[in-house]
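One is the number of the first residue; the rest follow in order along the sequence. Note that the coordinates shown come from a computational prediction; the quantities given were computed from them, not determined experimentally.
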Amino acid sequence: MARPDCPDFGDSAGAHIEDGIPVVDLDVLFSGDSDQRSAAIRHLGRACEDWGFFMVINHGVPESLQGATMDACKELFSLPAEEKAEYMDAAPMDPVRVGTGFNSAVDGAKLWRDYLKMFAHPDLHCPAKPANLRGTATEYATRTRGLMLELTAAISESLGLDGGRIAEALNLERCFQILVGNHYPPAGPDVGAIGLPTHSDHGLLTLLFQNGVDGLQVKHSGEWLLAKPVPGSFFVIAGDQLEIVSNGRYKAVLHRALVDGEQARMSFLSLIGPCLDAVVEPIPELAREAPEGAQFRGIKYMEYMEHQQSNRLKENAALDIVRVHREILTREDSLNSYPVDV
């Protein structure tokens with residue numbers, strides 16, 4: 001049975017490709033028979049391993065709710081500056097931020113972007129205006145959080161683990177969730193202007209939809225690919241915490257946002273991460289299977305996020321603070337010493 005208010009794409013295998021980007025049919029993943037579901041789990045694993053990025057269809061989040069969320073966000077951006085003043089240029093870890101650029105105090109320049117960021121779970125923080133934003137954001141956060149938790153269980157299975165293993169390791173009952181609305185004004189003659197530079201997301205998974213104006217690019221096999229969505233779908237972006245917990249088997253995808261020359265582009269994101277107090281490290285079973293053992297050291301998610309949010313965006317450089325580096329020794333050296341983690 002197709003989920004409500006979503007197009008039925010009719011792919012019984014739950015595994016196909018749209019312009020190169022993997023597409024995962026959640027009706028099959030969550031409700032298919034055992035053979036269909038096994039095939040969909042394998043397809044999901046390949047999408048995470050080869051791309052770190054895919055689309056989901058039949059996801060159960062009504063398009064009407066997506067539209068209402070985008071409209072409320074658009075209304076906030078149109079408010080007079082004095083009605084948004086208390087949230088403007090807030091600190092990176094403040095629960096509500098409205099501003100321009102990523103973190104202009106660090107970047108040294110404002111990017112071609114207006115944004116709204118709201119912590120949504122365990123507690124929702126929301127501007128007072130527009131009045132309809134809180135109710136819409138509450139429903140949207142609840143729906144998308146449930147969807148990403150279901151996806152996480154399937155991803156756990158694709159790694160050969162119990163479906164609840166990642167959730168247990170990251171204490172996802174108390175997961176952190178943030179909602180982000182982006183508005184990219186037309187660039188005019190400055191075609192190719194950057195709305196957001198190359199980066200990976202600090203969380204576990206991100207869901208993204210946009211207003212019909214393309215601009216999201218993902219890096220795949222060393223090439224930049226413009227992501228063009230299937231109607232009614234969500235993009236799913238693998239974040240840094242998935243790379244850590246999977247011991248590098250699933251990579252956080254590098255992506256960026258370009259600005260259209262003539263049309264305003266909007267996107268809306270829902271991101272989940274571990275519980276802020278959770279220490280994130282490779283799941284021991286996966287580390288034991290790897291020839292070189294654990295590829296990352298443990299770090300509290302709050303500390304990781306503070307580091308990433310407080311520094312200039314530079315691809316996935318934040319992972320360097322937890323990446324295990326091993327010295328490469330010559331054969332002669334290895335006779336008298338062992339590799340040392342540094």
Side-chain angles (χ1 to χ4, degrees), residues 65-121 123-141 144 176-199 201-203 206-216 255-271 305-306 308-313:
L65 177 59
Q66 293 176 250
T69 304
M70 188 76 84
D71 289 344
C73 190
K74 187 185 303 182
E75 189 175 345
L76 179 135
F77 289 134
S78 67
L79 291 173
E82 58 268 20
E83 297 191 34
K84 302 177 287 189
E86 65 177 297
Y87 308 115
M88 298 288 290
D89 295 322
M93 294 303 295
D94 284 352
V96 179
R97 296 168 60 196
V98 177
T100 301
F102 173 71
N103 179 3
S104 56
V106 173
D107 293 337
K110 292 184 183 294
L111 300 169
W112 208 279
R113 176 181 76 134
D114 303 314
Y115 65 82
L116 162 67
K117 295 187 177 185
M118 303 183 293
F119 289 7
H121 193 266
D123 301 301
L124 178 72
H125 300 264
C126 183
K129 294 182 179 181
N132 62 334
L133 179 58
R134 176 173 289 275
T136 301
T138 298
E139 183 179 358
Y140 188 79
T144 55
F176 172 78
Q177 183 181 18
I178 186 170
L179 302 179
V180 182
N182 294 310
H183 171 248
Y184 302 97
D190 191 14
V191 178
I194 293 292
L196 204 55
T198 304
H199 67 287
D201 290 347
H202 61 75
T206 301
L207 286 181
L208 181 151
F209 75 94
Q210 54 194 23
N211 67 338
V213 180
D214 296 325
L216 175 65
H255 55 288
R256 65 187 183 188
L258 301 186
V259 179
D260 190 86
E262 299 178 356
Q263 303 177 80
R265 177 174 179 264
M266 291 189 68
S267 65
F268 201 87
L269 290 72
S270 179
L271 174 151
M305 187 168 64
E306 287 176 339
Q308 194 257 16
Q309 292 284 291
S310 301
N311 287 274
R312 186 186 299 269
L313 276 183

Taking atom CD of Glu262 as the centre, does the number of heavy atoms from other residues, nucleotides or ligands within less than 6.0 Å exceed 12?
-> no
Between Pro95 and Asp123, is any pair of side-chain heavy atoms under 4.5 Å apart?
-> no
The reported gap from CG in Leu116 to NE2 in His183 (rounded to nearest 0.5 angstrom) is 13.0 Å
CZ/Arg97 to NZ/Lys117 distance, rounded to the nearest 0.5 angstrom?
-> 4.5 Å
Might you point out which heavy atoms bring Tyr140 and Ser270 nearest each other, and give the distance in Å?
-> CE2-CB, 4.1 Å
Distance col, row Thr136:OG1 vs Gln66:CD, nearest 0.5 angstrom, shows 13.0 Å
Value for NZ (Lys129) from CG (Leu76), rounded to nearest 0.5 Å, stands at 11.0 Å
At their closest point, which heavy atom of Val213 faces which heavy atom of Ala264, and how far apart are they?
-> CG2-O, 3.5 Å
Is there a side-chain contact between Leu258 and Arg265, using heavy atoms and a 4.5 Å cut-off?
-> no
Under a 4.5 Å cut-off applied to non-hydrogen side-chain atoms, are Asp114 and Pro185 in contact?
-> yes
Looking at Tyr184 and Ala257, what are the two nearest heavy atoms and their distance?
-> OH-CB, 3.5 Å
List the steps, then state whether side chain to side chain contact (heavy atoms under 4.5 Å, CB included) holds for Val96 with Glu86.
-> CA-CA 9 Å; Val96 179; Glu86 65 177 297; over 6 Å; no
The reported gap from CE in Met266 to CZ in Phe77 (rounded to nearest 0.5 angstrom) is 5.5 Å
His255, Arg113, Arg256 screened by side chain to side chain contact (heavy atoms under 4.5 Å, CB included) with Leu196, the one that passes | Arg113
Please state whether the rings of His125 and Phe119 are parallel, tilted or perpendicular, taking 30° and 60° as the class boundaries.
-> perpendicular
Donor-acceptor contact present, side-chain Ser78 to main-chain Glu75, <3.5 Å = yes
Out of Ile178, Leu208, Leu179, which one pairs with Leu271 under the side chain to side chain contact (heavy atoms under 4.5 Å, CB included) rule?
-> Ile178
Nearest heavy-atom pair of Thr144 and Ala141: which atoms, and what distance?
-> OG1-O, 3.4 Å
From Leu269 atom CG to Thr206 atom OG1, the distance as rounded to the nearest 0.5 Å = 6.0 Å
Which heavy atom of Gln210 sits nearest a heavy atom of Met70, and at what distance?
-> C-CE, 3.8 Å
Nearest heavy-atom contact between Leu133 and Met118 is CD2-SD, 4.2 Å
More than 12 non-hydrogen atoms from neighbouring residues, nucleotides or ligands closer than 6.0 Å to NZ on Lys84, yes or no?
-> yes
